[in-house]
Participant: 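Pasting a structure here, questions to come.
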2 protein chains.
Amino acid sequence: MKTDIEISQEVELQPIQKVAESVDLGLEDLELYGNYKAKIDFPSMKRLEKNEDGKLILVTSINPTPAGEGKSTVTIGLGDALNRIGKRTVIALREPSLGPVMGIKGGATGGGYAQVLPMEDINLHFTGDMHAITTANNALSALLDNHIQQGNELNIDARRIIWKRVVDLNDRELRQVIVGLGGPIQGVPREDGFDITVASEIMAILCLASGLEDLKLRLGNIVVGYTFDREPVTVSDLEIQGALALLLKDAIKPNLVQTIYGTAALVHGGPFANIAHGCNSVLATKTALKLGDYVVTEAGFGADLGAEKFLDIKVPNLKKSPDAVVIVATIRALKMHGGVAKNELNTENVFALKKGFANLKKHIENMESYGLPVVVAINEFVTDTKKEVEILLELCEEAGVPVELTQVWEKGAEGGEALAKTVIETIEKQIADFRTIYSMGIGLGEKIETIVQKIYGGKEVVFSPKAQKQLETFTKYGWDRLPVCMAKTQYSLSDDPTKLGKPENFTVTIRELVPKLGAGFVVALTGDVMTMPGLPKKPAALNMDIDKDGHAIGLF
Amino acid sequence: MKTDIEISQEVELQPIQKVAESVDLGLEDLELYGNYKAKIDFPSMKRLEKNEDGKLILVTSINPTPAGEGKSTVTIGLGDALNRIGKRTVIALREPSLGPVMGIKGGATGGGYAQVLPMEDINLHFTGDMHAITTANNALSALLDNHIQQGNELNIDARRIIWKRVVDLNDRELRQVIVGLGGPIQGVPREDGFDITVASEIMAILCLASGLEDLKLRLGNIVVGYTFDREPVTVSDLEIQGALALLLKDAIKPNLVQTIYGTAALVHGGPFANIAHGCNSVLATKTALKLGDYVVTEAGFGADLGAEKFLDIKVPNLKKSPDAVVIVATIRALKMHGGVAKNELNTENVFALKKGFANLKKHIENMESYGLPVVVAINEFVTDTKKEVEILLELCEEAGVPVELTQVWEKGAEGGEALAKTVIETIEKQIADFRTIYSMGIGLGEKIETIVQKIYGGKEVVFSPKAQKQLETFTKYGWDRLPVCMAKTQYSLSDDPTKLGKPENFTVTIRELVPKLGAGFVVALTGDVMTMPGLPKKPAALNMDIDKDGHAIGLF
């Protein structure tokens, strides 16, 4: 069987101008990055504003399992399939972080015959967006520490700095550090830590900003810490929002690439789906909506995290809600949710499948509760038995949702055709009637309770003493009118990663709240949330190489 | 008076293909990064190999002072002036680091009417080379710490790791840190520190590598630390040279841009001139030599550091020595070398000028000792008096070197015409007869003594007890056959930054030796060498901004 990179290297890519032409963009709309990548600049986005929006299809999934669900693959394959059946479709995706690429994944641009290309570039430095974000994040840190070192006019309490440094790598060694050692000319000793770049608030800001002015405004709103009098200190207090915006002036422009089938794909921004909102940039999705009659986009992790945040955080900024939601599941993953161990997934197990279906069913109900039409996509595996497939189709029918099998990994656009037709039918038959699940006027605590009870299916929320105190102070600062961004394990509907399927009667504990005023939300931390992953014993990097002609080896 | 960025924004840039055409490169030789930047790929460099080399002009200077010398400006202006008088000339320069740009400088792409463009891009993220180097450097750190955390098969002594992390920022807070805190799952606590990216050995490697295979070989040779048995541990022991080379696959390709006058400029690589060799990449200079009949390039800091390393470290890798050396001086700077304080430089002072001339004279003699023709370029200032100018011209004549005044900052190509003609005459009259000042066969201690006595004019070298021991162990490891890279203050010929002019009878103390086996040299540290600058009280970043159309403000 061919690897992803082998498949990708066999594809004859179209010059990016050709891809642009297919969605009525000219060479003058592109800033070329080599022959196969381009950025779309603001004047072009401005010109497109007069176009009508296409239909928006959000791809999400059940709670992820180690069995793999293939959400990105389905997103890309569905886009290709829609084009194949004559629907002008643009794909909008997140861009990958180098951390997981060098660590476990080796690549994050789809798989098989559903890939965005050039995968080597997209998985490595791409157009430099991640690096610009890393630089802006760390420039803020350096300027903040320099302010303290040079007299600390703003009276910042170095013990209460909440802004961390970042690297776009998996580097556990940097999670907790002490900086500023070596005596008075080397800075002020204090505790610090590094997150992975995609966890930076600047990534979230870049993905939610509507343009350059909004970007600068949001950067200025970032809370970096507190004074000795416990007053919040922002980036605009430091007067550096201009410099940070300058560092991001190119990174904020959406990137245009193509799939194996030449479908236009905007791959731009990639915030974490735990401490941030987990979807590609508003500017990219907006641009895609102006270019395509249909736009396929995805949200990170399962529908309880990614889709909830897409709908409650991104939609108000995007000013457009989905016309349909596709929930991706695999029989293998549902069997894991039904209690099967990973090494026993190749054995038929109808009982576990039925039990695990409860996870999918809850996500279907959740998406319907937003007033959105739902389609289930079963990403097929060779180990699925005929009986398992039949049962799953029946279960979906009983739940009253359209369902289709897809084989996009193996067959590309053709393998997604049935799903594409069903999605189109669903959009034409059912009119989305989007409604939010909470109003912005209620308090932060109530918002959290609403999400836990309505979306997670939990019984109640417990706030730690620290979080309780923060609810009060955040209300005092006027931050209670913001939406909540839940930082929770992706593996379970609850805050306990071991509770698979559809847990009942559980309590969710809120450990701490974190203000992300630039992004425009308050993060609620449950349990341990990983903002800096570690590397495995044998990192993917050990297999990577470059041949004498400069071609990548070991990305997959 | 217009600022640099105002001048640059008034220039109508030529599409980079046009610039490429002027040196017989076609669109097929370019990887475009927007309309005004491009990388040149290996197949094109390979094709150019059959071309004859042009003449190489190395621009260097007296020991730098706070008065400013304008070496980059003269380098660019000389290139433009050579083209103006009909000599097909290509410029080869270092690329700027964001650290100084955000800190003091605000920009590092020449000045006035002698600039490389687009200055906004080159001063910010350019084509991503710095970020790729940062990433490769820190990926190495993460993989090294992960190796120790995951069982430490190589028996690495975490207390003896010499590989540091980097950021491309001025961030004193990161000079000395403790990493790996937080308990056993967060890594192994140890001392660490961050250098600025341009101080990374990977930057030096990128600038000395002859191609992809050599890059990988050099990366594998990096010594990262020692085992508990005091044996050196290299990147190839960690088996990650392939992954690091992959991260650098684009960064290693030279960048083509243009000057205000449309002269082709290869701006690529920028290693520090203290702990590294301080000149642009071998690949860029080599490519420039194949494209131009004349190539103007510069070396960092004064001739005692930059030019010495150019000649003793870069030339053996470039396999081409200069045909002439231009030494840049200003009357103001020479007066400072003669003892005048910065705030008194506007007053005529012939005595100080004569005294300070000793610094220039020593550099002239040094360059002549390599068998190279020398031209002195006096970069004019409005405060220079007629008498001062006359005296300086006389002093140069007495020293037997051609000398010319230049006004490239103010008048661009026209202001460098006299210098250009004199350089051409000198090259045509005097044939360079390059000879090294030491043979590679002698020991490291002898090499250091040779440099100190012949180039710096010092009396003797004192080795600290640590350095003495290292001389022995390095010889045992076979590292004594490498050239020496002196890490010394740039402000003085001695290792004491306060000794201006031409100090006599001084001793240079070698504190420590650092193996840089990937770069292929051993660094000799004298005094305190700054590998991570700090920010000033009012960093340049405070003035930076972006207007609503995305144009940079506050770069200069």
Side-chain angles (χ1 to χ4, degrees), chain A residues 31-34 42 98 102 124-125 128 131-132 134-135 138-139 141-143 145-146 149-151 167-182 186-188 212-213 216 239-240 242-243 245-247 249-250 534-535 537 539 541-542 544-546 548-550 552-554, chain B residues 31-34 42 98 102 124-125 128 131-132 134-135 138-139 141-143 145-146 149-151 167-182 186-188 212-213 216 239-240 242-243 245-247 249-250 534-535 537 539 541-542 544-546 548-550 552-554:
Chain A
E31 289 181 1
L32 297 179
Y33 283 67
F42 284 100
L98 259 171
M102 305 291 287
L124 294 172
H125 308 290
H131 296 320
T134 303
T135 304
N138 294 344
S141 293
L143 289 157
D145 279 316
N146 187 59
Q149 169 76 0
Q150 304 273 6
V167 289
D168 189 31
L169 291 165
N170 287 7
D171 192 349
R172 76 168 66 72
E173 191 79 6
L174 293 178
R175 284 177 191 154
Q176 289 188 36
V177 303
I178 295 174
V179 296
L181 299 174
Q186 322 284 18
V188 177
L212 287 171
E213 290 298 311
K216 211 194 294 181
E239 298 175 46
I240 55 172
L246 179 59
L247 288 168
K249 78 180 174 69
D250 296 312
L535 289 167
K537 178 143 186 159
L542 298 185
M544 291 181 186
D545 205 348
I546 183 170
K548 65 178 177 27
D549 300 319
I553 298 168
Chain B
E31 289 180 3
L32 297 179
Y33 283 68
F42 284 100
L98 260 171
M102 305 291 287
L124 294 173
H125 309 290
H131 296 320
T134 303
T135 304
N138 293 346
S141 293
L143 289 158
D145 279 315
N146 187 59
Q149 169 77 359
Q150 303 274 7
V167 288
D168 189 30
L169 291 165
N170 287 7
D171 193 349
R172 75 167 67 71
E173 191 79 7
L174 293 178
R175 284 176 190 153
Q176 288 188 36
V177 303
I178 296 175
V179 296
L181 298 174
Q186 322 284 19
V188 177
L212 287 171
E213 290 297 310
K216 210 193 297 181
E239 298 175 44
I240 55 172
L246 179 60
L247 287 169
K249 78 182 175 66
D250 296 312
L535 289 167
K537 179 145 186 157
L542 297 185
M544 291 181 187
D545 204 349
I546 183 170
K548 64 178 178 27
D549 299 319
I553 297 168

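Keep in mind that what you see is a predicted model, and the values were worked out from it rather than measured. A, B, ... follow the sequence lines: proteins, then strands. Residue 1 opens every chain.
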Participant: Quick check against the 3.5 Å criterion: does B:Lys537 have a side-chain atom that pairs as donor or acceptor with the backbone of A:Asn146?
Facilitator: no

Participant: Listed by chain and number, what are the side-chain hydrogen bond (donor to acceptor under 3.5 Å, both in side chains) partners of A:Asn170, not counting sequence neighbours?
Facilitator: none

Participant: Tell me if a side-chain donor or acceptor on B:Lys216 pairs with a main-chain N or O of A:Asp545 at a distance below 3.5 Å.
Facilitator: no

Participant: Side chain, backbone, both or neither: which part of B:Asn138 has a non-hydrogen atom closer than 4.5 Å to chain A?
Facilitator: both

Participant: Please determine which of B:Ile240, B:Thr135, B:Leu247 meets the side-chain contact (heavy atoms from CB on, under 4.5 Å) test together with A:Met102.
Facilitator: B:Leu247

Participant: Is the closest basic N to carboxylate O distance between B:Arg172 and A:Asp145 below 4.0 Å?
Facilitator: no

Participant: What are the two closest heavy atoms between A:Pro539 and B:Leu143, and how far apart are they?
Facilitator: CG-CD2, 3.6 Å

Participant: What option among B:His125, B:Glu31, B:Gln149 has the most heavy-atom pairs under 4.5 Å with chain A?
Facilitator: B:His125

Participant: Hey, which of A:Leu181, A:Asp549, A:Val177, A:Ile553 has the most heavy atom pairs under 4.5 Å with chain B?
Facilitator: A:Leu181

Participant: Identify which part of B:Val167 has an atom lying under 4.5 Å from any heavy atom of chain A, answering side chain, backbone, both or neither.
Facilitator: side chain

Participant: Under 4.5 Å from any heavy atom of chain A, what part of B:Leu535 do you find: side chain, backbone, both or neither?
Facilitator: both

Participant: Taking side chain as everything from C-beta outward and backbone as N, CA, C, O, which of these in A:Tyr33 sits under 4.5 Å from a heavy atom of chain B? Side chain, backbone, both or neither.
Facilitator: both

Participant: Working to the nearest 0.5 Å, report the span between CG of A:Asp250 and CG of B:Leu124.
Facilitator: 8.0 Å

Participant: Pick whichever of A:Gln150, A:Glu173, A:Lys249 has the most heavy-atom pairs under 4.5 Å with chain B.
Facilitator: A:Glu173

Participant: Heavy-atom distance under 4.5 Å to chain A: side chain of B:Leu98, backbone, both or neither?
Facilitator: side chain

Participant: So which residue, A:Glu213, A:Lys548, A:Gln186, ends up with the most heavy-atom pairs under 4.5 Å with chain B?
Facilitator: A:Gln186

Participant: What heavy-atom pair brings A:Leu169 and B:Ala139 nearest, and what distance separates the two atoms?
Facilitator: CD1-N, 3.3 Å

Participant: How close do B:Ala541 and A:Ala243 get, counting heavy atoms only, and between which atoms?
Facilitator: O-CB, 3.3 Å

